[in-house]
Amino acid sequence: MLPEAPGEVGAEMAGPLPSPATGRALLAWYDVHRRDLPWRAAPGEVSDPYRVWLSEIMLQQTTVAAVRSYYAAFLDRWPRVNDLAAAEDGEVMAAWAGLGYYARARNLLACARVVAVSGFPATREGLRALPGVGDYTSAAIAAIAFGEPAVVVDGNVERVVARLTRLARPPKAARRAVEAAVEAMLPADRPGDFAQAMMDLGATICTPKSPACAICPLLHDCAAARHGEAAAYPVKAPKKARAVWRGAMFVPVRPDGTVLVRRRPERGMLGGMVEVFGSPWAAEIGDAADHAPFAAAWTAAGSITHTFTHADLTVDVFRADVAAETAAPAGGWWADPAAAGLPTVMKKAVTRALAMAEG
DNA sequence: TAGACGTGGCG
DNA sequence: TCGCCAAGTCT
């Protein structure tokens, strides 16, 4: 594919491409207002790639406030990447519990075990090949830990650039234009500070709602602010209408309070998670009774709703009180619902069933 | 490539 | 209360 002509990129923007002067102004602001974060090297000090990597993985789609205690606990328990590489899977997963996106923890450990042997790659390209390290994280580590003039684009950067340039399309749909804008203002001598400065600006001044334009160091470089419409950017992609799904779930309860569960297939929604028996989720499910795990005195326990990213689900819940010796059907087992590791939608259904008065 | 993947905080 | 959001990656 041919490289895009500058005009093609610029055509996405109602404002001009940012200049190197804008990048320098941002760094001047950063030198005074930078956030003091535990994974950040002091000014003039060399960054530890392990700490940068660990923090960047934890910060994916996760707030600084949520990460702080986990970062401290991990660093205390596994001070170097070799320590983490030698850890057992279960203890790392347990230490990650509560942070969310658990694939990150699995990739973290896999990555540590690679790095423990060969060390951290010192280039963006090399970093990009590590498990759990994508376009953003590879660029961030390369810039912050190794001083590579990588173009770092995260959600903060997208927002800042969208406002600076009055970007006409949603940033993710105008990826090349965003990168071109960042590159145009990137100070080659301080790429790591520049990346962190963009993120600090996005997190503290150029916020999603109610941006503090009056105290922004880039106010006079910002096309959106000049038009008094910073909050109108970035342009949002139109929300797709959510599908409407229905389902039925069946909760047999033994006298000791255990309920019947099974494990979902590894792939697909809630892959590998524990669930209660029930129907597939679809626009129509037909007769709920067709999906019961076994014949019993099923009683309607009402319904629950749950919103997924792309579907609104309503589930009719049924309960049956069964004998202690009731056998679990193939694939199922009896579990204490409080300790079964149920995802939220399943917890809702079980809670609904158990809230029903017995008998 | 659009969708899945977790959780807690905020207006 | 509830939708939106927060330093994305993988398939």
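None of these values were measured; they are calculated from a predicted model. First the proteins, then the strands, lettered A, B, ... as listed; each starts at 1.
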For this session: Would you list the pairs meeting ring pair (Phe, Tyr, Trp, His ring centres under 6.0 Å) in which at least one residue belongs to residues 120-160 of chain A, sequence neighbours left out?
Result: Trp53(A)-Phe120(A)

For this session: Figure out the CD1/C1' separation between Ile141(A) and dA7(C), and round it to whole Å.
Result: 11 Å

Exercise. OP1 or OP2 of dC5(C) less than 4.0 angstrom from a side-chain nitrogen or oxygen of Lys236(A), does that happen here?
Worked result: yes

For this session: List in numerical order all residues of residues 187-204 of chain A for which some heavy atom is under 4.0 Å away from an atom belonging to DNA chain C.
Result: Met199(A)

Problem set entry | Donor on one side chain, acceptor on other, Glu148(A) and Thr123(A), under 3.5 Å | no

Problem set entry | Lys NZ or Arg CZ of Arg319(A) over Phe250(A) ring: under 6.0 Å, within 45° | no

For this session: Any pair with a residue in residues 199-214 of chain A that passes salt bridge (charged side-chain N to carboxylate O under 4.0 Å, His left out), sequence neighbours left out, goes on the list, sorted by first then second residue, please.
Result: Arg35(A)-Asp200(A), Arg40(A)-Asp200(A)

Exercise. Mind checking the C1' distance from dT1(B) to dC5(B)? Whole angstroms is fine.
Worked result: 16 Å

Exercise. Are Glu91(A) and Arg77(A) ion-paired here, with the side-chain N under 4.0 Å from a carboxylate O?
Worked result: yes

Exercise. For Ile144(A), which contact category applies under a 4.0 Å heavy-atom criterion: base, sugar-phosphate, or nothing?
Worked result: nothing

Problem set entry | Selection: residues 57-74 of chain A, any non-hydrogen atom under 4.0 Å of DNA chain B | Gln61(A), Thr62(A)

Exercise. Base, sugar-phosphate, or nothing: which does Trp39(A) touch, judged by heavy atoms less than 4.0 Å apart?
Worked result: base

Exercise. How many angstroms lie between CZ in Arg166(A) and CZ in Arg226(A), if you round to the nearest 0.5 Å?
Worked result: 9.0 Å

Problem set entry | Members of residues 110-140 of chain A that approach DNA chain B, where some heavy atom sits under 4.0 Å away | none

Exercise. If you check every side-chain atom of Tyr102(A), which of dT7(B), dC5(B), dC10(C) has the closest atom?
Worked result: dT7(B)

Problem set entry | Salt bridge flag under 4.0 Å for residues Glu179(A) and Arg176(A) | yes

Exercise. Atom CG of Leu108(A) to atom C1' of dT9(C): distance rounded to whole Å?
Worked result: 14 Å

Problem set entry | Distance in angstrom units between Leu99(A) CG and dT7(B) C1', rounded | 9 Å

Exercise. Between Asn156(A) and Arg159(A), does any side-chain donor sit less than 3.5 Å from a side-chain acceptor?
Worked result: yes

Exercise. To the nearest 0.5 Å, what is the distance between CE (Met13(A)) and CZ (Arg169(A))?
Worked result: 10.5 Å

Could you list the donor-acceptor pairs under 3.5 angstrom formed between side-chain atoms of residues 92-103 of chain A and any protein atom two or more places apart in sequence or on another chain?
| residue | atom | partner | partner atom | Å |
| --- | --- | --- | --- | --- |
| Trp96(A) | NE1 | Gly100(A) | O | 3.0 |
| Tyr102(A) | OH | Gly98(A) | N | 3.1 |

Exercise. What closest approach, in Å, do Gly147(A) and Pro191(A) show between heavy atoms, and which atom pair accounts for it?
Worked result: O-CG, 3.3 Å

For this session: Looking at every strand, decide which applies to Arg106(A) at a 4.0 Å heavy-atom threshold: base, sugar-phosphate, or nothing.
Result: nothing

